[in-house]
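Report on one structure; see the data block that follows.
All residue numbers in this chain count up from 1 along the given sequence. When a ligand or atom number is given, it counts from 1 through the structure's own listing order.
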Amino acid sequence: MLRSHFSKEVSENDYGKKIRIAGWIEDIRNLGGIAFIILRDRMGRAQITIIKRMNPELFKEIVSLPRESVISAYGLCQKNEKVMNGWELLLEDMEILSKASTPLPMGVIDKVNVDFDTRLDNRFIDLRREETKAIFMIRHSFIKHASDFLRKRGFIEVHTPKITASSSEGGTEVFKLDYFGKDAYLVQSPQLYKQILMATGFDRVYEIAWYFRAEEHDTSRHLNESTAIDIEMAFISNEEDVMKIAEEMTNYTIQKILDENSKELEILNVDIDLPSLPYPRIKYDEVVEILQREIDFKWGDDLGTDEENLLAKHLEYELYFITKFPLETKPFYAMPNGKYARAFDLEYKGMEIASGAQRIHDYEMLVNRMESLGMNVKNFEDYLKAFKYGMPPHGGFGYGIERFLMRFLNLKNIRECILFPRDRKRIRP
Ligand code: ATP
Ligand code: MG
């Protein structure tokens, strides 16, 4: 290997021994007779020191390297309390693995504000920056711990198709494509497939899923390609069983991130406490009452960004459910309960991060509901078939990964939370 240690792996046991470290040259300080090089790897940084008269050739070679070049450096690991990490590498030999071109399209350590588009255009460099990397290390943790939690609760990980013959949620916000001469669509969510799986006996499934939505609007909370944690569970009594999983999964992951990602949270200046369980539940009707005190809002209207923000101002907690929505605000598959749906949204600091519901499991009821909404039932044959031969009561949720991260880390733009965002204007890199 081109390295024996990561920067942060070196311990007192290595002092006085020869080691090899590798990474990107972040900075070079050439004082004439001596030079200090800061080398960055995925765990942190280390100092390489070289004295000119000991090896003039190597000295000349390293100080003339452009920043962000990649090297593997070999030498004596020497204790030095004045240096970061408490040690430095006295350079004896070096392999130049990749010489960086100049000028860099953007800086890595410069504090100068780089505009977001430049960062996204050069995402591979942007990801070398501590703050950006920290977001994705926390994303990595969030997905791991959510997965662990769900597996512990008996959920089986599945992967359902992303190309489909009918659009999943109805509506027009689908990307249409040509499938060998036939029309096909990218799925808006795994909704229909995870429901079909409830007829199999798997009982509990989850998917770390891609959503493709041709939403025309350009907002700081919508992507045209986003990821979610989708779950579906059978034999539930009602939507409360699903909400319990949503809140417990959230608290479990927050606790794990607090335990394991303190370094990243510090870099991102995030200081939070674990919310207490259960999260407050606020009925849609109560929301209407609160909103009507300040704005013109009709019962039956959907909650938009402004309404969600206004509501959040009136509440002293950050994570809460809105429950008992009017049936007409929710998709066809939500279980009716009089004029309400057995549906909920999970809100985080005034933004929806997840939506869920108990679903209709009765074939006749489902068909009637679709017809009453003017849907073409024939387009949903494959889905509906699964309800005819034994379908238990079930429910689930779709939980936006970027939405959670955006709120958890207090980021202003959802694009910060996905590697290569897709929006109306951006389909590259
Ligand atoms: P919104 O009303 O906020 O646009 P939605 O109600 O259309 O969202 P759902 O169909 O309920 O979204 O999807 C479940 C979850 O997936 C949402 O709560 C959200 O966290 C996430 N999500 C949905 N659409 C997007 C998107 N375009 N970009 C990012 N996340 C999304
Ligand atoms: Mg929703």
Quiz prompt | Nearest heavy-atom neighbours spanning P429 and F420 | solution = O-CB, 3.6 Å
Quiz item: If you take all heavy atoms of T253 and T250, which pair is closest and at what distance?
Solution: OG1-O, 2.9 Å
Quiz item: To the nearest 0.5 Å, what is the distance between CD1 (I48) and CD1 (I25)?
Solution: 6.5 Å
Self-check item: Atom indices of ligand 1, in the order listed, that fall short of 4.0 Å to a heavy atom of A354
Solution: 18 (O)
Exercise. Ignoring hydrogens and angles, state whether a donor on the side chain of S72 or R20 is under 3.5 Å from an acceptor on the partner side chain.
Key: yes
Quiz prompt | the Mg ion (ligand 2) to E352: nearest N/O/S atom name | solution = OE2
Practice problem: Could you tell me whether F404 approaches ligand 1 through its side chain, its backbone, both or neither, with non-hydrogen atoms closer than 4.0 Å? | Solution: neither
Quiz item: Considering H217, Q188, R403, which one's heavy-atom position lies nearest to atom 19 (C) of ligand 1?
Solution: R403
Self-check item: Value rounded to 0.5 Å, distance of CD in Q188 from OG in S226
Solution: 11.0 Å
Quiz prompt | OH-OG1 distance between Y284 and T323, expressed to the nearest 0.5 angstrom | solution = 12.0 Å
Quiz item: Should R213 be counted as touching ligand 1, given the test is an N or O pair under 3.5 Å?
Solution: yes
Quiz prompt | Side chain, backbone, both or neither: E215 near ligand 1, heavy atoms under 4.0 Å | solution = side chain
Quiz item: So, for W299 and P326, which heavy atoms are closest and what is the spacing to 0.1 Å?
Solution: CH2-CB, 3.6 Å
Quiz prompt | Those atoms of ligand 1 less than 4.0 Å from some heavy atom in S355 | solution = 11 (O), 18 (O)
Quiz item: Between R281 and E240, is there a side-chain N and carboxylate O pair less than 4.0 Å apart?
Solution: yes
Self-check item: Sub-4.0 Å heavy-atom contact, E402 with ligand 1
Solution: no
Self-check item: Q191, E225, E352: member with heavy atom nearest to atom 8 (O) of ligand 1
Solution: E352
Self-check item: Whether A228 lies under 4.0 Å from ligand 1, heavy atom
Solution: no
Quiz item: With atoms numbered from 1 as shown, which atoms in ligand 1 lie under 4.0 angstrom from a non-hydrogen atom of I414?
Solution: 29 (C)
